[in-house]
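Protein chains get the first letters and strands the later ones, always in sequence-line order, with residue 1 at the start of each.
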There are 2 protein chains.
Amino acid sequence: MAVCPAAPDRPPRTVAESVYRALRRDIITLRHPPGTSLTEQELAGLYGSSRVPVREACRRLQQEGLLTAIPYKGYFVSQISLADIEDSFDLRELLECHAVARAVRRATPEEIAHLEELATTGYTYHDWASYGDFLERNREFHVCLAALGGNQRLVCVLDDLLGAMQRFFFLGLDLADFSTQMRHEHEGLIEALRRRSAEDALARIHEQIDSSRLRVRRALERGGIDLPLTTGGSQSRPFSSNQPPGPASPEDAEHG
Amino acid sequence: MAVCPAAPDRPPRTVAESVYRALRRDIITLRHPPGTSLTEQELAGLYGSSRVPVREACRRLQQEGLLTAIPYKGYFVSQISLADIEDSFDLRELLECHAVARAVRRATPEEIAHLEELATTGYTYHDWASYGDFLERNREFHVCLAALGGNQRLVCVLDDLLGAMQRFFFLGLDLADFSTQMRHEHEGLIEALRRRSAEDALARIHEQIDSSRLRVRRALERGGIDLPLTTGGSQSRPFSSNQPPGPASPEDAEHG
DNA sequence: CGTATACGAGTTGTATACAATCATCCCATG
DNA sequence: CATGGGATGATTGTATACAACTCGTATACG
């Protein structure tokens, strides 16, 4: 069942797990920006382990779409394309709205109360370190919300999707302090759930996702961070893996 | 971008890849029925390699939901639960209908022609060997169809989902000879695309998925294959990995 | 007799060494 | 000067050896 990667708090049980988390965080927080070239040996040095756990971590991240592997060549942090951002938000909307529509009828008061606990988190503006934690909490909120819809398979897919989208969200957070706005949005949604108003709940979730989409779009337009964006013309043929570095700047990947 | 695992024909470039394909096929064709216990060493012997490629294959299959790993204990072929089947079909319907609705407007005549080629395949009743190939072709058809909708991210998710559902489909195929019926369904859908009739296309895809769902349901009711089915009461809490063997029959896992 | 504990088999987790593969550059050659 | 071919370096792919962990069992003790 799609593994449901997020086992949030629990300390890592294996080296591979901790390498995975560290590397994932460094990709999401753009410490390794899109296009960065990475080798297993290099990563083994960075995260203090041998190549084997690194390899496992890279395979997971590759499956999640954050890394692109080139046989006998190395790994590259996947590019961010405008098309992929739009596709991701479209898909997210489809999944979450479907789930919320069902959650309105199914959610028990206890479940809604639990959801409310998750909704209270925020982040502190300009403190990049807090962004990562907040994004994880936010993901948990939306995943638990979707779980109330009753379709476990959908929940896992959404969880993976939100995981891959965290890099996008990260960009949006730094644009301004949306912490309280987002909390209010969450609370409004919970209220709609309590009143079992499908119409209202759907409008709220729709609004939330759209405002998130706008944040990301605006962040990209302002280009506060000079991302080597691929214009991402939608490939005409169904399959095609994320192109490697392309004309991206290899540059240095200083880390410590 | 979710890796898009199906690189259909191309010969395997690595040992890990061929182990992955072989093991996956053996799980889908129920040679390793749900609940079967597998160890890395055992699999290494079965498929003639060392533990390392086996490990990589198992991790992939775990991520796809076909295997469940228990640390220091081993791997188990994931159970099939009625709830998961219903969830999967619901999700499939959501994704494919969304894609088809958009495909109706976007698909070019060339793309539709390409789709028609993929629609011509069938299987020979009671020849289990042909089932696997057919299911792959059928998956490719539905994936390419969805690709015409223009959302690449959705396509990858659907691809993964159909991959995980192949075990279900396998059950349904053996119930009777649906080969020609399915081909007709495909052709009808293509016709609707050509006429750009959204209403008709949606009705067709809906009908196709529902008939597929019914096939699987019927196959399970008749219980032609004595699967250790978990009744799969929907777990009350969002996360919970697929339960291990439970009261399933460990039994022998004869293979050669 | 019940309980705690130490032991041992079995399994995955990790590290290291070596093989296979690919890209690049240099040099010989037409 | 252009071009083909082979050496060379870097990287992943694979195999093997060993460490860490878990669970069941037997055993000693109260």
Can you pull every protein N or O that's under 3.5 Å from an N or O on nucleotides 7-13 of chain D?
from	atom 1	to	atom 2	distance (Å)
dT12(D)	OP1	Glu40(A)	N	3.2
dT12(D)	OP2	Glu40(A)	N	3.3
dG13(D)	OP2	Arg55(A)	NH1	2.7
dG13(D)	OP2	Arg55(A)	NH2	2.6
dG13(D)	OP2	Arg59(A)	NH1	3.3
dG13(D)	N7	Arg51(A)	NH2	3.0
dG13(D)	O6	Arg51(A)	NH1	3.1

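Annotation: side chain to side chain donor-acceptor pair (under 3.5 Å) contacts of Asp87(A) (sequence neighbours excluded): none. Here Arg213(B) pairs with Glu86(B), Asp90(B), Glu93(B) under the side chain to side chain donor-acceptor pair (under 3.5 Å) rule; sequence neighbours left out. Looking at residues two or more places apart in sequence or on another chain, you find a side chain to side chain donor-acceptor pair (under 3.5 Å) between Arg51(A) and Glu40(A). With sequence neighbours left out, Thr120(A) forms a side-chain contact (heavy atoms from CB on, under 4.5 Å) with no residue at all. Listed by chain and residue number, nothing satisfies the ring pair (Phe, Tyr, Trp, His ring centres under 6.0 Å) test with Phe168(A) (two or more places apart in sequence, or in another chain). Residues passing the side chain to side chain donor-acceptor pair (under 3.5 Å) test with Tyr123(A): none are found, sequence neighbours excluded. Evaluation of the side-chain contact (heavy atoms from CB on, under 4.5 Å) rule for Ser212(B) yields Phe89(B), Arg92(B), Phe169(B), Arg215(B) as partners, not counting sequence neighbours.
Protein chain B touches strand DNA chain C; the 5'-most and 3'-most nucleotides with an atom under 4.0 angstrom of its non-hydrogen atoms are dT11(C) to dG13(C).
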